[in-house]
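Report on the following structure.
As the structure is a prediction and not an experimental result, all values here were calculated from the model. Just so we're on the same page: letters track the sequence lines, and every chain starts at 1.
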Number of protein chains: 4
Amino acid sequence: MPKVVDADQYRKELLYQSLDLFAEKGFANVTIRQIAKALGISTGALYHYFPSKESLFEQLVEELGHQEVLVLNSAMATRKTLPKRIEILGQLLLENREILVKHTAIWLDFYQHSQVETILNNRIFQRIERQSREAIAELLGIRDFRLARFISVSIDGILVDQLGKNDSTIFAEQVALLMEMLITYFDKYPEKSSLNS
Amino acid sequence: MPKVVDADQYRKELLYQSLDLFAEKGFANVTIRQIAKALGISTGALYHYFPSKESLFEQLVEELGHQEVLVLNSAMATRKTLPKRIEILGQLLLENREILVKHTAIWLDFYQHSQVETILNNRIFQRIERQSREAIAELLGIRDFRLARFISVSIDGILVDQLGKNDSTIFAEQVALLMEMLITYFDKYPEKSSLNS
Amino acid sequence: MPKVVDADQYRKELLYQSLDLFAEKGFANVTIRQIAKALGISTGALYHYFPSKESLFEQLVEELGHQEVLVLNSAMATRKTLPKRIEILGQLLLENREILVKHTAIWLDFYQHSQVETILNNRIFQRIERQSREAIAELLGIRDFRLARFISVSIDGILVDQLGKNDSTIFAEQVALLMEMLITYFDKYPEKSSLNS
Amino acid sequence: MPKVVDADQYRKELLYQSLDLFAEKGFANVTIRQIAKALGISTGALYHYFPSKESLFEQLVEELGHQEVLVLNSAMATRKTLPKRIEILGQLLLENREILVKHTAIWLDFYQHSQVETILNNRIFQRIERQSREAIAELLGIRDFRLARFISVSIDGILVDQLGKNDSTIFAEQVALLMEMLITYFDKYPEKSSLNS
DNA sequence: AATGAATGAGCGTTCATTCAT
DNA sequence: TATGAATGAACGCTCATTCAT
């Protein structure tokens with residue numbers, strides 16, 4: 001049944017094509033017409049693929065979450081030492097700055113937007129947040145989940161700072177500082193990472 | 001002329017009473033009618049005090065910014081050592097968690113929302129952001145502005161993580177980790193703070 | 001009871017002070033606040049003197065009508081020949097151009113505005129219109145009411161043409177043409193005026 | 001591409017259907033909801049065809065202007081003598097009384113209303129006013145533009161007098177008087193029309 | 001008498017969603 | 001499948017009018 005595969009594939013393409021619009025203007029400030037125009041289809045067609053604006057946005061959030069986990073996991077195969085792995089994490093951030101900032105914009109928007117529907121949305125959200133942190137934990141050999149959360153949270157802070165800025169110099173400088181902090185920290189508390197043993 | 005004083009005072013009260021609504025739902029998802037209802041006044045009266053929804057929100061953002069700077073500066077008088085000062089910063093965060101998380105929500109909304117008006121808004125925003133970071137830099141005797149930014153950005157990350165969560169345990173744990181990181185970092189690089197000399 | 005006289009006098013002053021505002025912007029485009037400001041009083045005080053915006057406007061229209069009739073009648077005492085009287089009418093128009101144009105603006109506005117309430121308003125309106133035409137008829141010794149109406153209507157046309165123009169050259173030229181027409185007409189049909197017999 | 005033709009055609013129909021409402025109540029006193037109801041469509045559909053209430057009104061004014069010029073020009077082909085032509089002009093007025101009165105109501109409203117936007121609107125207005133007077137000048141062989149203006153202005157006066165009256169007897173009587181005046185005038189000053197030479 | 005803060009119905013307009021084609 | 005015209009609830013905002021002071 002190639003038809004279904006195609007439709008799913010097309011739906012995903014539509015999601016990614018709407019990413020920039022949502023990231024730039026936010027869910028509430030983007031209209032269905034704008035999205036349809038950006039996608040080169042009619043509003044009717046858009047509703048054929050997504051039952052509502054909200055659903056489109058949620059599927060985008062979910063898709064971005066999956067992608068993020070994939071990228072993080074792609075760095076995992078390595079067998080390097082802890083400092084090298086920290087460097088790999090930094091590289092990952094630098095290489096994906098643009099897309100990560102967009103993720104962050106979407107993410108925050110989703111947060112605001114979801115406080116209402118609460119349950120379903122937060123389930124999705126929390127699962128992806130957890131997977132993402134587990135990937136970081138595994139990459140750096142961290143057993144203390146609080147530490148993994150801290151790293152994740154710091155990265156988010158750096159990304160949030162980039163919103164509406166797109167200043168890669170500041171980004172690089174902040175990532176470098178985070179890496180430096182982590183190295184210093186793991187130097188002092190080597191037991192925090194299983195890679196040091 | 002007690003009239004003017006009262007009106008200004010009242011306006012500020014209205015600002016603070018609208019804080020929760022904006023923090024919870026975001027600028028775009030709050031209606032003037034909701035605000036008026038929450039404030040216990042009519043929409044007409046609301047427009048008597050604020051020329052537009054946008055202006056109300058901007059005044060709220062500015063007011064919160066001023067307040068934040070005041071709180072940070074209140075910690076400044078101290079003559080303690082660096083570790084003590086780091087602890088003071090941590091205390092400040094813990095004590096003001098709730099309001100800081102709301103600030104963050106409003107702040108982010110403003111950021112996203114100000115794409116349009118850009119200039120004036122960003123002036124306000126940047127001034128307060130700068131003052132806030134200078135306060136941190138002065139409190140910790142930091143000369144390297146990138147480092148001050150990093151601390152500010154990490155704190156923001158922790159606050160962003162709290163959005164829609166309100167879990168003070170996680171918050172305390174993350175703040176503690178940040179403090180620990182900073183102490184470790186300043187231990188290794190004492191020249192980073194003038195308080196170490 | 002001088003109090004009442006004063007109040008009535010004051011009410012009339014207020015009417016004339018609001019004339020320009022209504023003439024320039026039209027009833028619907030002037031707010032009570034603008035009027036109050038122009039009059040140098042509060043909206044509350046304004047409502048003390050007039051029960052509604054509508055009533056204020058109607059009283060202004062009526063007052064202007066009375067004034068117009070007075071001006072026309074002031075030219076009546078003369079015992080001149082018909083051509084001289086036609087010239088007097090022309091002079092009257094030229095001397096009062098500005099105020100007459102304002103009257104016209106108000107008048108038209110009233111027309112639009114009154115189609116709804118119909119009865120009462122039109123009574124007032126028609127009475128003043130009639131008085132005005134009777135004054136013209138008497139001044140020129142016209143017995144044919146249709147002719148008096150024609151002169152009145154032509155003058156109105158010239159005034160309407162001046163709306164938003166205030167070009168006294170065109171006005172003078174048009175008034176002169178009307179006078180010329182009338183003289184030619186009465187030359188050919190001397191029986192149309194009792195002054196020719 | 002029949003789609004575009006239909007849409008334009010439909011837009012024009014909507015314009016004419018909204019004519020009565022505007023003519024009766026005036027721009028400021030007609031609401032979008034009233035218009036939509038009169039047109040038998042929703043407000044949303046109305047905004048599909050016109051970007052704003054103002055634009056709808058302007059397009060109506062322009063359309064009426066074009067139509068007026070067309071009607072006037074349709075009388076031009078004639079090769080008759082001056083008296084006959086004056087009669088033709090009178091006929092034209094009598095036959096189109098109803099629509100001309102409505103034009104006048106709209107026109108005046110537009111005049112008053114356009115104080116603000118001034119430039120573009122007045123361009124349109126002045127162009128059509130000029131075309132209209134040129135048509136009269138050509139029809140009657142008038143070289144003196146002031147005279148053409150006078151005739152146009154007198155007609156407007158007669159039409160303004162009809163506002164909210166719709167009394168075709170008075171109208172006919174006033175038009176007859178104007179025609180009589182013109183004939184008398186051209187009798188005395190034959191050089192005023194090229195058709196007399 | 002006078003003030004101006006307060007009210008709330010109603011305005012022009014937008015936009016997610018539906019549906020005839 | 002796809003289109004885009006149509007719908008109408010809801011938005012931000014205005015302003016004639018009221019009323020506590």
With a cut-off of 3.5 Å and sequence neighbours excluded, list every side-chain donor-acceptor pair involving residues 13-20 of chain A.
residue: A/Y16; atom: OH; partner: A/E63; partner atom: OE2; Å: 2.7
residue: A/S18; atom: OG; partner: A/L15; partner atom: O; Å: 2.7
residue: A/D20; atom: OD1; partner: A/K102; partner atom: NZ; Å: 2.9

Below 4.5 Å, heavy atoms only, C-beta onward: do D/I35 and D/F50 meet side chain to side chain? no

Is the closest side-chain heavy-atom distance between C/V61 and C/E58 below 4.5 Å? no

Salt bridge (charged side-chain N to carboxylate O under 4.0 Å, His left out) partners of D/E62, counting only residues at least two apart: D/R127

Round to the nearest Å and state the distance from [X] atom [atom1] to [N] atom [atom2].
X     : N      : atom1 : atom2 : value
C/Q34 : F/dA16 : CD    : P     : 8 Å
D/F57 : E/dG12 : CZ    : P     : 13 Å
B/N29 : F/dA10 : CG    : P     : 15 Å
D/K37 : E/dC11 : NZ    : C1'   : 16 Å
D/L39 : F/dT7  : CG    : C1'   : 15 Å
C/F50 : E/dA1  : CZ    : P     : 14 Å
B/L46 : F/dC11 : CG    : P     : 14 Å

Trace of the side chain to side chain contact (heavy atoms under 4.5 Å, CB included) decision for A/L64 with A/F110: CA-CA 12 Å; A/L64 290 180; A/F110 184 66; over 6 Å; no

Establish, with yes or no, whether the OP1 or OP2 oxygen of F/dA6 is under 4.0 angstrom from a side-chain nitrogen or oxygen of D/Y49. yes

Between A/H48 and F/dT1, does any side-chain N or O lie under 4.0 Å from OP1 or OP2? no

Test B/F57 against B/V30 for side chain to side chain contact (heavy atoms under 4.5 Å, CB included), laying out the working first. CA-CA 11 Å; B/F57 187 63; B/V30 172; over 6 Å; no

Counting primed atoms plus P, OP1 and OP2 as sugar-phosphate and everything else as base, spell out the protein contacts along nucleotides 13-21 of chain E at 4.0 Å heavy-atom distance: B, S or - for each nucleotide, 5' to 3'. BBBBBB---

When rounded to the nearest 0.5 angstrom, what is the spacing between CG in B/L21 and CZ in B/F27? 12.0 Å

So CZ of D/R11 and CD of D/Q59: to nearest 0.5 Å the spacing works out to 6.5 Å

Would you please test A/H48 and A/I41 for side chain to side chain contact (heavy atoms under 4.5 Å, CB included) and show each step? CA-CA 11 Å; A/H48 181 72; A/I41 62 176; over 6 Å; no

Would you please name every residue forming a ring-ring contact (aromatic ring centres under 6.0 Å, His included) with A/Y49, sequence neighbours left out? A/Y10

Watson-Crick or G-U pairs under 3.5 Å in DNA chain E, rendered as dot-bracket with [ ] for crossing pairs and | for another strand: .||||||||||||||||||||

Test log, rule side chain to side chain contact (heavy atoms under 4.5 Å, CB included), inputs A/L163 and B/L108: CA-CA 9 Å; A/L163 286 175; B/L108 284 170; 4.2 Å; yes

Expected output is a numbered-order residue list: members of residues 15-22 of chain B with a heavy atom under 4.0 Å from any atom of DNA chain F. What is it? none

